[in-house]
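Reading through the structure tokens given below for one structure.
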Amino acid sequence: METESEPYVRLASLRQLHQAMAEMNTARSLADTLQTVADGAVGALGYELACVNLVLPDGDLVVAAFAGNPAAEALITGRVGSRESWDRRLAMGEQWGDLVFIPHTEGWVLDDDDVPQWYTDGPAPRFEDEWHPADRLFAPMYAPGPGGSSGELLGVLSVDRPRNGRRPGAWGREALQMYAFQAAIAISNARLRSNMQRALVRLEREQQALRASEESFRQAFEYAPSGMAIAEMGGEQHGRILRTNDALCRLLGRPASAMRRYAFSDLVHPEDIGTLLRTSAEGGRAELRLGRRDGSYVWVSLRNSVVADAADGPRFLLTHVEDIEERKRRELQLAHRASHDSLTGLPNSAELRARLAARLCQRPQSLHAATADSLDAAYGHPAVYDTPSHGFDYGPAAEAYDAFDHHVHTVAPHSDRDDGTKGLAVLFCDLDGFKSINDRFGHNAGDAVLIEVARRLSRGVRDGDTVARLGGDEFVILANGLGRADAQDLAVRLRNEIIQPIRAEGRAVRVGASFGIGWAHCGMTADEVLKSADERMYIEKRSRPKQHRRAG
């Protein structure tokens, strides 16, 4: 900083220092204050790294905040160094006012002590005042004492490598010393606020009944237009609802006396319990379902505020509950419209491909076919291969198969014999004679035929099978767990259902149906599976006499 433009640099630095000090004195918690101190040392004082070591009640120092290097922050934040080692550091080296500078020529003796440390790598100094990678600079932070004297040690701000690469001069030392003094005041104030918050929370627990009777709180809580609740956090009664307002009781159809017997985890839908637990622990927002007295569930938005302090952790959870049932219903309707055919109500082409793709995985491109075949032969079928457990080492090929971990592979029955293998059958259905119905009787009649065909197909398959409209007069059925004979029987049954007369626009009409049976297996894409079934359908259509394909 001591350059020809030093007055300007000092003015700019003072502005940065002023901003950093303002931010650390307005931080909302002790943790925020400590992080702001570290960030200010990097942003305002120009050091590459800054670490706040906070004195614990037992005297040791913990790395409470770090700035300048995310990797270093993840490595040493939360680690503890003994007070004995810190006293040794602060007693050696050069005293720069209240600062302690330990040059690399002395600092090597500290490499094996238990103080967490990180410093930037770099070349050895080329001139006298250049910063060495092993130099250390500490700014002790003392609580303000009577008459401006220094009180107890609150912590130590350690910094590493000024950005200009030189040891700080008189101005840099003075700035760091002044910053450490102001940081100590901010930390003392943050601790005081934390102690006050702890006392207030304890008072809240002890005087909850008295406070509940206060008119201002009662009106804000009881008469809120949306649901409100206070729940216990921690201890044996964790999650128990302490109090609810009328709006929440009405929403769930439960009286206030009954609500106090529950925790929110007792009321939430089983599928949403994980969301609730994460939201309770972290605060914030969540959308989930709560159970009504009649056994139904209602979608709600929860906005949680955790009343907590740094020492004792979470104490109470103030929850705002808003009814979002109507919005969720609209969202589900929109999602259904996006994934289903508007005429027949069946899954549409996009939804069909998504369901089919979800059952398939792609064999990695790097896995050579010959190697894959040898692995398949070794283990019986293309499933999951865990090479270390079998004692084999197939190198990259085995690593490629690790991508299939936890995946149950979809396989197809043998192409030339029915060996009992069950697979995912894909039946491609194309209506015969449908165009003539449209031409003769109009599109309303055609639509009525499509709707009735969709109903008959859906009625003719099992629960869990998928009937989708691919487009026009083409339908696709996904039926899992079928052998070749099963799939052929299903196609015959569905064709016999379709060819029955259909009432359309006051008249009876008939359509035929051609079915192609394809099989899905891992290694294929959804489009490849559909193309295979489509080709088989056309083979089947051409193989039947024309008079057997027409209807009217």
Side-chain angles (χ1 to χ4, degrees), residues 329-358 424-480 482 487-518 526-527 529-531 533-534 536-538 540-541 544 546-552:
R329 183 180 293 110
R330 291 196 301 269
E331 290 177 358
L332 292 174
Q333 290 174 348
L334 290 174
H336 185 273
R337 291 174 185 172
S339 61
H340 287 70
D341 175 47
S342 60
L343 177 64
T344 63
L346 297 179
N348 59 20
S349 174
E351 178 68 10
L352 170 67
R353 285 175 166 81
R355 294 187 186 185
L356 185 54
L424 176 58
V426 181
L427 282 69
F428 198 107
C429 171
D430 181 80
L431 300 183
D432 300 328
F434 176 75
K435 183 177 182 301
S436 65
I437 293 176
N438 265 340
D439 294 342
R440 293 170 59 189
F441 307 121
H443 288 286
N444 287 340
D447 288 348
V449 169
L450 292 175
I451 293 171
E452 178 59 20
V453 168
R455 189 186 68 82
R456 294 181 183 184
L457 290 174
S458 300
R459 185 180 61 192
V461 300
R462 306 163 300 175
D463 292 341
D465 292 344
T466 294
V467 178
R469 184 186 178 195
L470 192 61
D473 61 347
E474 296 177 334
F475 297 83
V476 173
I477 297 94
L478 305 182
N480 194 30
L482 299 185
Q488 292 167 359
D489 289 344
L490 176 60
V492 171
R493 291 200 310 273
L494 295 177
R495 182 184 295 112
N496 290 337
E497 285 287 332
I498 292 173
I499 63 177
Q500 300 302 317
I502 297 174
R503 297 295 300 179
E505 294 293 299
R507 58 177 57 85
V509 297
R510 291 176 182 268
V511 290
S514 298
F515 281 86
I517 304 174
D527 286 337
V529 174
L530 294 174
K531 181 180 179 182
D534 185 24
R536 293 177 183 273
M537 183 274 297
Y538 276 107
E540 195 268 350
K541 184 187 289 283
R544 295 166 55 214
K546 186 174 182 181
Q547 62 270 24
H548 292 169
R549 289 188 269 122
R550 296 185 69 255

Going by the rule side chain to side chain donor-acceptor pair (under 3.5 Å), which residues pair with S339 if we only count those two or more places apart in sequence or in a different chain?
none
If you take all heavy atoms of S458 and L346, which pair is closest and at what distance?
OG-CD2, 3.5 Å
Side chain proximity check, R353 to L356, heavy atoms < 4.5 angstrom
no
When you compare the side chain of R495 with that of F515, does any pair of heavy atoms fall below 4.5 Å?
yes
Kindly compute the distance separating CE (M537) from OG (S514), expressed to the nearest 0.5 Å.
6.5 Å
Return the minimal non-hydrogen interatomic distance between A445 and A504, and the atom names on each side.
O-CB, 3.9 Å
Less than 4.5 Å apart, any side-chain heavy atom of L431 and any of L450?
yes
One should read off an interatomic distance between L343 CG and I451 CD1, to the nearest 0.5 angstrom, of 4.5 Å
Side chain to side chain donor-acceptor pair (under 3.5 Å): pairs with one or both residues in residues 446-455, sequence neighbours excluded:
E452-R455, E452-R456
With a 4.5 Å limit on heavy-atom distance, are the side chains of I498 and C429 in contact?
yes
Taking every non-hydrogen atom, the tightest pair across L482 and A425
CD1-CB, 4.1 Å
Do the non-hydrogen side-chain atoms of L530 and L352 ever get within less than 4.5 Å of each other?
yes
By side chain to side chain donor-acceptor pair (under 3.5 Å), which residues pair with K435, not counting sequence neighbours?
D439
Residues passing the side chain to side chain donor-acceptor pair (under 3.5 Å) test with D430, sequence neighbours excluded, are K541
Pairs under 3.5 angstrom only: tabulate donor-acceptor contacts from the side chains of residues 469-477 to other protein residues two or more places apart or in another chain.
| residue | atom | partner | partner atom | Å |
| --- | --- | --- | --- | --- |
| R469 | NE | G472 | O | 3.0 |
| R469 | NH1 | D341 | OD1 | 3.3 |
| R469 | NH1 | D341 | OD2 | 3.1 |
| R469 | NH2 | G472 | O | 3.0 |

Of all heavy-atom pairs linking N348 and A468, the shortest is O-CB, 4.4 Å
Begin with the C-alpha distance, continue with both residues' side-chain angles, and end with the deciding distance and a verdict on side chain to side chain contact (heavy atoms under 4.5 Å, CB included) for D432 and V511.
CA-CA 6 Å; D432 300 328; V511 290; over 6 Å; no
Ion pair E497/R493, N-O distance below 4.0 Å
no
Interatomic distance, L427 atom CG to T466 atom OG1 [nearest 0.5 angstrom]
12.0 Å
Atom of A479, atom of D465 and distance for their closest heavy-atom approach
CA-OD1, 3.5 Å
From L494 CG over to I499 CD1, what is the distance, rounded to the nearest 0.5 angstrom?
11.5 Å
Partner residues of R329 under the salt bridge (Lys or Arg N to Asp or Glu O under 4.0 Å) criterion, sequence neighbours left out
E325, E326
As a quick check of understanding, evaluate salt bridge (Lys or Arg N to Asp or Glu O under 4.0 Å) for R355 and E351, giving each step before the final call.
CA-CA 6 Å; R355 294 187 186 185; E351 178 68 10; 2.9 Å; yes
Taking it one step at a time, do I517 and L490 satisfy side chain to side chain contact (heavy atoms under 4.5 Å, CB included)?
CA-CA 10 Å; I517 304 174; L490 176 60; over 6 Å; no
Identify the two heavy atoms, one from R510 and one from P501, that lie closest to each other, and give their separation to 0.1 Å.
NH2-CG, 3.4 Å
Heavy-atom donor-acceptor pair, R503 side chain to G506 backbone, under 3.5 Å:
yes
